[in-house]
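Structure first, then comments.
Chain identifiers are assigned alphabetically (A, B, ...) following the order of the sequence lines, protein sequences preceding nucleic acid strands; residue numbering begins at 1 within each chain.
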Protein chains: 2
Amino acid sequence: MANTSSRTLTLLSLLQTHRHWPGADLAARLGVSERTLRRDVDRLRELGYPVHASRGTDGGYRLEPGAVLPPLLLDDEEGVALAVGMGDAAQSGIAGLDEAAVRVLTKVVQVLPPRLRARVNALRAMTVSAASSGPVIPAEVLTMIAQACRDQERLRFHYTTRGGVQTEREVEPHRLVALGGRWYLVAYDLTRHDWRSFRLDRLAQPRDTGSHFPPRPLPGGDAAAFVRTATQVPTAHTVVVLVHAPAEQVRRMVGQWGEIEPVDHHRCRLTMISTSLDWPTQALGNLGAEFEVLRPPEFVDHLRDWGTRFLHAVGRSAGPASPALPDMPPV
Amino acid sequence: MANTSSRTLTLLSLLQTHRHWPGADLAARLGVSERTLRRDVDRLRELGYPVHASRGTDGGYRLEPGAVLPPLLLDDEEGVALAVGMGDAAQSGIAGLDEAAVRVLTKVVQVLPPRLRARVNALRAMTVSAASSGPVIPAEVLTMIAQACRDQERLRFHYTTRGGVQTEREVEPHRLVALGGRWYLVAYDLTRHDWRSFRLDRLAQPRDTGSHFPPRPLPGGDAAAFVRTATQVPTAHTVVVLVHAPAEQVRRMVGQWGEIEPVDHHRCRLTMISTSLDWPTQALGNLGAEFEVLRPPEFVDHLRDWGTRFLHAVGRSAGPASPALPDMPPV
DNA sequence: GCACTTCCGGTCAAAAACTGGCCGGAAGCC
DNA sequence: GGCTTCCGGCCAGTTTTTGACCGGAAGTGC
């Protein structure tokens, strides 16, 4: 711990793992005198990371929120949790969140110690991106492409066109865009000599050619707009149902991700907006209450499909949807 | 940028935001001579963060995975994504992942600039913890309690006992335990003068009393075991179904979170283990294929409940589950 | 093979910083 | 009022840091 820089970093790490530290403990931990510790604390403050100090018995130092996020010092387990969690968040389909999540993921993956990779993959295999409405893109693909965009590295990959034709592409990647639950890559196609947008779920075996390229301005400048005009993004469904349960109860289960208006003491109207009909279906299934569809018509078809299949699966012996059957609550 | 420490940190940050940096650029960016840059790079290497350098045209520096995870330097957006994403991961119900995720979340929340909090909350409101089988714990509650455990701070909260009685508790928090999709707090109850485990979903208005306490050894030592004996944790269901679809197709949709064995070219056996029956139900709904339940019996009841309600919702006019109805694919 | 670009690390001397010890002071707790 | 804790000035000795200059090694393109 000879270095000042390394000590400052260690101090930051200590302040992150425990909220409260007496000065003497910190000094001992860092192997320096208390005077030097005070100077180190000052250094952190100058760097813009406010360290609050309290005096008297039980006094000590504490790292507080400042103007900027301090460097995060994570241990192995935390690093793994981060990698797995952000991989999921990247597929969340929430505008703004997913793109930043991919950036975080890219940063972590780039420096994740190799021995942790296996753990990340094992855990990732258990995760369900249930929230995602669209196809799930493997995290490795997502990060590799994000990295190529960020670092301006040429990329080669297999691509299946809408017509189902397998092609091989070499591109200068420009931006990743998440739109309507899908991921798109906007890139300059070196074979076609033009800008293209590629759906990530139709793309396979991306690999880095290793060669750099100077940034090329995208006509129009807005990558998201480019994707929007190049492809027809699936539109969102607005599902409205009348739930036979008190608004309170529905709110407790559905929480924030739907509008709930009470109709009377026993019923409420629930509005959900989603690019996929699977979401609202699952939500209503989870609810455990009877309900009526108000709109849209395609949601009726969707429910009928699920319901019919479920009752088929149960076996016709039980009698299909006999009104005499008690509504059993989920286990 | 007078300080060496701050410059080293900045260098680390630059190396994280772009994979490849020519030495001259870095030196200019940091406002030092190239010789000093080389020394800074050496410093990072000594700290255990391997910086790879390539020579010749198009050479430069690159941060590589090392033995330990380097401090992560995130910008505002990334910080927000991290906070939201880890809040979700904490509810994932995946053993090992959730506890580490809470630790990361606690670290971030403690130092998250106030102006970003609002954005985190707004985004959090849109997230669905669809993967979670149990009740969702607000992220603030989770982090506050995790922090109190970590920093040994007394905690006061409202608690609803299993009998439905509202009580007020003051405890010395020991550990957070995630078990069977639920969160528990193991703590020494200062009113009852004994160790207790509390379900976080029955707990309200946690607040920090501000007073510290010396760590107290938990009898037996293992907090998870304590919860397991104190409460009867819901057991996992093993759902086995015969899916009328090729193994390939099922694997593509279900992915990793279930065992798939082909039976013949058109059918396969799918095994899923979950603490909640909602999960497998949703998965099979999403699949869009016909299937038969092999076990367990309670899954049959569960499916019948969903299916019945769905067809009720559609309206009896359409005829309940008429076999003549075509299986409509999800929209 | 040759020119070119880039990183590498030795040496040196001046400048800057860091460090520990000491101390009077201020603030919070009991 | 007594205790504990953080605070920051001062000082002198030590260590580190810095930029400049250099010959060298390694990769790239022709």
When the distance from [atom1] of [X] to [atom2] of [N] is rounded to whole Å, what number comes out?
X       : N     : atom1 : atom2 : result
A:Arg55 : D:dT5 : CZ    : P     : 13 Å
B:Asp58 : C:dT6 : CG    : P     : 9 Å
A:Glu34 : D:dG8 : CD    : P     : 15 Å

Presence of [X] side-chain N/O under 4.0 Å of [N] phosphate oxygens OP1/OP2:
X       : N      : answer
B:Arg7  : D:dT18 : yes
A:Asn3  : D:dT17 : yes
A:Thr57 : D:dT4  : no

**Report entry** From D:dC7, C:dG10, D:dG9, nucleotide with atom closest to B:Arg35 side chain
**Finding:**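 Closest of the options to the side chain of B:Arg35: C:dG10.
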Query raised in the report: From C:dC8, D:dC6, D:dA20, pick the nucleotide closest to the side chain of B:Tyr61?
Result: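 Of the options given, the side chain of B:Tyr61 lies nearest C:dC8.
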Looking at residues at least two apart in the chain, or sitting in another chain, which of them share a ring-ring contact (aromatic ring centres under 6.0 Å, His included) with [X]?
X        : result
A:Tyr159 : A:Phe198
A:His212 : B:His20
B:Tyr188 : B:Trp195

Query raised in the report: Listed in order of residue number, which residues of residues 14-27 of chain A have a non-hydrogen atom at under 4.0 Å from DNA chain D?
Result: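 A:Pro22, A:Gly23 - these, ordered by number, are the residues of the stretch whose heavy atoms sit under 4.0 Å from the strand.
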Query raised in the report: Can you pull the salt bridge (charged side-chain N to carboxylate O under 4.0 Å, His left out) pairs that have at least one residue in residues 142-159 of chain A, sequence neighbours excluded?
Result: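 Listed once each, the pairs are A:Asp151-B:Arg19, A:Glu153-B:Arg19, A:Arg154-A:Glu172, A:Arg156-A:Glu170.
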Requested in this report: Not counting sequence neighbours, list each pair that qualifies as a salt bridge (charged side-chain N to carboxylate O under 4.0 Å, His left out) and has a residue in residues 8-18 of chain A.
Outcome: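 Checked against salt bridge (charged side-chain N to carboxylate O under 4.0 Å, His left out) - neighbours excluded - no pair reaches residues 8-18 of chain A.
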Query raised in the report: Just the dot-bracket of DNA chain C, please: which string comes out with Watson-Crick or G-U pairs under 3.5 Å, [ ] for crossing, | for another strand?
Result: ||||||||||||||||||||||||||||||
Distance-only check: which donor-acceptor pairs under 3.5 Å involve side-chain atoms of residues 49-65 of chain B, not counting sequence neighbours?
| unit_1 | atom_1 | unit_2 | atom_2 | d |
| --- | --- | --- | --- | --- |
| B:Ser54 | OG | B:Gly60 | N | 3.3 |

Query raised in the report: For B:Thr209, what residues pass the side chain to side chain donor-acceptor pair (under 3.5 Å) criterion, not counting sequence neighbours?
Result: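 B:Thr209 satisfies side chain to side chain donor-acceptor pair (under 3.5 Å) with B:Ser211 once adjacent residues are dropped.
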Requested in this report: Evaluate the side-chain proximity of B:Arg7 to B:Arg43: yes if any heavy-atom separation is below 4.5 Å, no if none is.
Outcome: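 Yes, at least one pair of side-chain atoms sits under 4.5 Å.
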**Report entry** Minimum side-chain heavy-atom gap A:Thr191-A:Thr167 below 4.5 Å
**Finding:**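 A side-chain contact under 4.5 Å is absent here.
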**Report entry** Along DNA chain D (nearest heavy atom to each residue), the more 5'-positioned of B:Gly31 and B:Gly56
**Finding:**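 Residue closer to the 5' terminus by nearest nucleotide: B:Gly31.
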**Report entry** Sorted by number, the residues of residues 36-52 of chain B with heavy-atom contact under 4.0 Å to DNA chain C
**Finding:**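 Of all residues in residues 36-52 of chain B, the ones placing a heavy atom under 4.0 Å from DNA chain C are B:Arg38, B:Arg45.
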Requested in this report: Just jot down the salt bridge (charged side-chain N to carboxylate O under 4.0 Å, His left out) partners of B:Arg45, sequence neighbours excluded, or say none.
Outcome: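 Salt bridge (charged side-chain N to carboxylate O under 4.0 Å, His left out) check on B:Arg45 returns B:Asp42.
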Query - Set of salt bridge (charged side-chain N to carboxylate O under 4.0 Å, His left out) partners for A:Arg207, sequence neighbours left out - result: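 Counting only residues at least two positions away or on another chain, A:Arg207 forms a salt bridge (charged side-chain N to carboxylate O under 4.0 Å, His left out) with A:Glu168.
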